[in-house]
Amino acid sequence: GNTWPGGLGKRMDQYTILAQIPEDIPMIIITGGEPALQDWDNLINTWQSFVGHARTKFAVETSGQYPWLGARWPHWVTVSPKWSHAGNKSSWYVDPCWWKWVDELKYVVDDHFNEDVVAQHLRECREAEPERYMPHVVLMPEGAPPSVESIQRTLEFLKHRHDWRF
């Protein structure tokens with residue numbers, strides 16, 4: 001479906017999409033809007049069926065609020081949870097399907113962010129897959145461009161967490 005506001009996007013089949021991508025690209029990152037609202041299996045399978053394209057890696061960046069629809073999981077998964085008041089879902093809800101696959105947790109440091117959110121998400125990762133390594137944690141300041149105050153707040157969180165990234 002078309003997830004662009006006001007229907008500004010256009011519907012394309014996998015061949016039209018893939019024709020826009022250079023053949024020697026090492027990784028394709030699926031992001032923007034909410035990629036979990038689409039099943040990407042057809043696109044990934046089609047791309048990797050072309051001679052020489054089988055080594056291309058696929059990554060996804062999602063809010064994690066919706067389950068992954070496809071059977072094929074990307075090579076790299078970034079979950080960037082968002083503060084939400086939606087329905088019966090908690091404020092930083094992430095669908096449980098992501099915990100076994102997430103490689104990176106990325107948070108925008110805004111007025112709602114706190115370290116307890118990260119701790120809870122890391123616990124959920126460990127419970128879902130006890131033998132798996134823990135995902136990277138990335139903090140980014142709010143704003144485009146971020147304010148000096150937002151950058152300082154983010155750096156303050158990172159002072160005490162040397163295992164987290166900016």
Side-chain angles (χ1 to χ4, degrees), residues 1-18 20-21 25-49 56-144 146 150 154 157 164-165:
N2 186 342
T3 60
W4 288 87
L8 296 175
K10 66 178 184 178
R11 187 175 280 284
M12 295 185 284
D13 66 23
Q14 71 269 24
Y15 300 103
T16 306
I17 294 169
L18 294 173
Q20 309 297 314
I21 302 171
I25 195 159
M27 180 177 282
I28 296 172
I29 301 171
I30 302 168
T31 187
E34 177 47 66
L37 294 174
Q38 309 294 325
D39 181 344
W40 295 95
D41 283 356
N42 208 10
L43 180 84
I44 294 169
N45 291 336
T46 301
W47 178 262
Q48 292 188 330
S49 70
T56 301
K57 306 285 187 217
F58 280 82
V60 66
E61 182 166 338
T62 175
S63 69
Q65 290 186 340
Y66 304 96
W68 184 248
L69 296 177
R72 298 230 4 213
W73 280 87
H75 297 96
W76 182 269
V77 173
T78 297
V79 172
S80 185
K82 306 292 186 262
W83 172 262
S84 174
H85 298 291
N88 62 354
K89 297 177 182 175
S90 65
S91 60
W92 292 90
Y93 177 79
V94 174
D95 188 90
C97 80
W98 295 104
W99 297 132
K100 289 178 98 170
W101 302 101
V102 63
D103 297 291
E104 178 181 74
L105 288 166
K106 184 190 294 186
Y107 300 88
V108 174
V109 178
D110 60 11
D111 293 338
H112 300 288
F113 177 79
N114 66 66
E115 291 182 72
D116 294 341
V117 171
V118 181
Q120 175 62 34
H121 288 162
L122 290 173
R123 272 193 301 279
E124 292 183 51
C125 286
R126 177 64 65 210
E127 290 168 7
E129 193 69 26
E131 301 300 317
R132 191 168 184 267
Y133 62 90
M134 295 306 290
H136 302 284
V137 174
V138 177
L139 301 185
M140 52 189 283
E142 180 183 37
S150 182
T154 303
F157 278 110
W164 294 1
R165 300 178 187 173

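Note that this is a predicted model, so its numbers are computed, not measured.
Put simply, the side chain of K100 never gets that close to the backbone of W98: no donor and acceptor are under 3.5 Å apart. A donor-acceptor contact shorter than 3.5 Å links the side chain of R132 to the backbone of V102.
We find the CG-OG distance between D110 and S150 to be 8.5 Å, quoted to the nearest 0.5 Å. Between the CH2 atom in W83 and the OG atom in S63 there is a gap of 15.0 Å [rounded to 0.5 Å]. Between T62 atom OG1 and E34 atom CD the span is 3.5 Å, to the nearest 0.5 Å. Taking NZ of K57 as the reference point, atom CE of M27 lies at 8.0 Å (rounded to 0.5 Å).
Ring geometry, W101 versus W73: the interplanar angle falls under 30°, so the pair is classed parallel (tilted spans 30 to 60°). Using cut-offs of 30° and 60° for the angle between ring planes, the W76 and H136 rings count as parallel.
Within the 4.5 Å cutoff, the side chain of I25 has heavy atoms near those of the W47 side chain. Using a 4.5 Å heavy-atom cutoff, the side chains of V118 and F113 are in contact. Using a 4.5 Å cut-off on side-chain heavy atoms (C-beta onward), W92 and H112 make contact.
Here the closest heavy-atom approach between residue P35 and residue I30 is recorded as CB-CG2, 3.6 Å. Residues P141 and T154 come closest through the heavy atom pair CA-OG1, 3.3 Å.
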(request) Apply side-chain contact (heavy atoms from CB on, under 4.5 Å) to the pair V79 and V77, showing each step before the final yes or no. (result) CA-CA 6 Å; V79 172; V77 173; 4.0 Å; yes
(request) Begin with the C-alpha distance, continue with both residues' side-chain angles, and end with the deciding distance and a verdict on side-chain contact (heavy atoms from CB on, under 4.5 Å) for W40 and W68. (result) CA-CA 9 Å; W40 295 95; W68 184 248; 3.5 Å; yes
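Remark: aromatic rings of H121 and W99 are close, center separation under 6.0 Å.
With sequence neighbours excluded, the residues satisfying side-chain contact (heavy atoms from CB on, under 4.5 Å) with R126 are M134. For the side chain to side chain donor-acceptor pair (under 3.5 Å) test, no residue two or more places apart in sequence or in another chain qualifies with Y15. D41 meets the side-chain contact (heavy atoms from CB on, under 4.5 Å) test with D39, N45, A71, R72; sequence neighbours excluded.
In this structure, R123 does not pair ionically with D116, as no charged nitrogen and carboxylate oxygen lie closer than 4.0 Å.
Judged by distance alone, the side chains of T78 and E104 do bring a donor and an acceptor atom under 3.5 Å apart.
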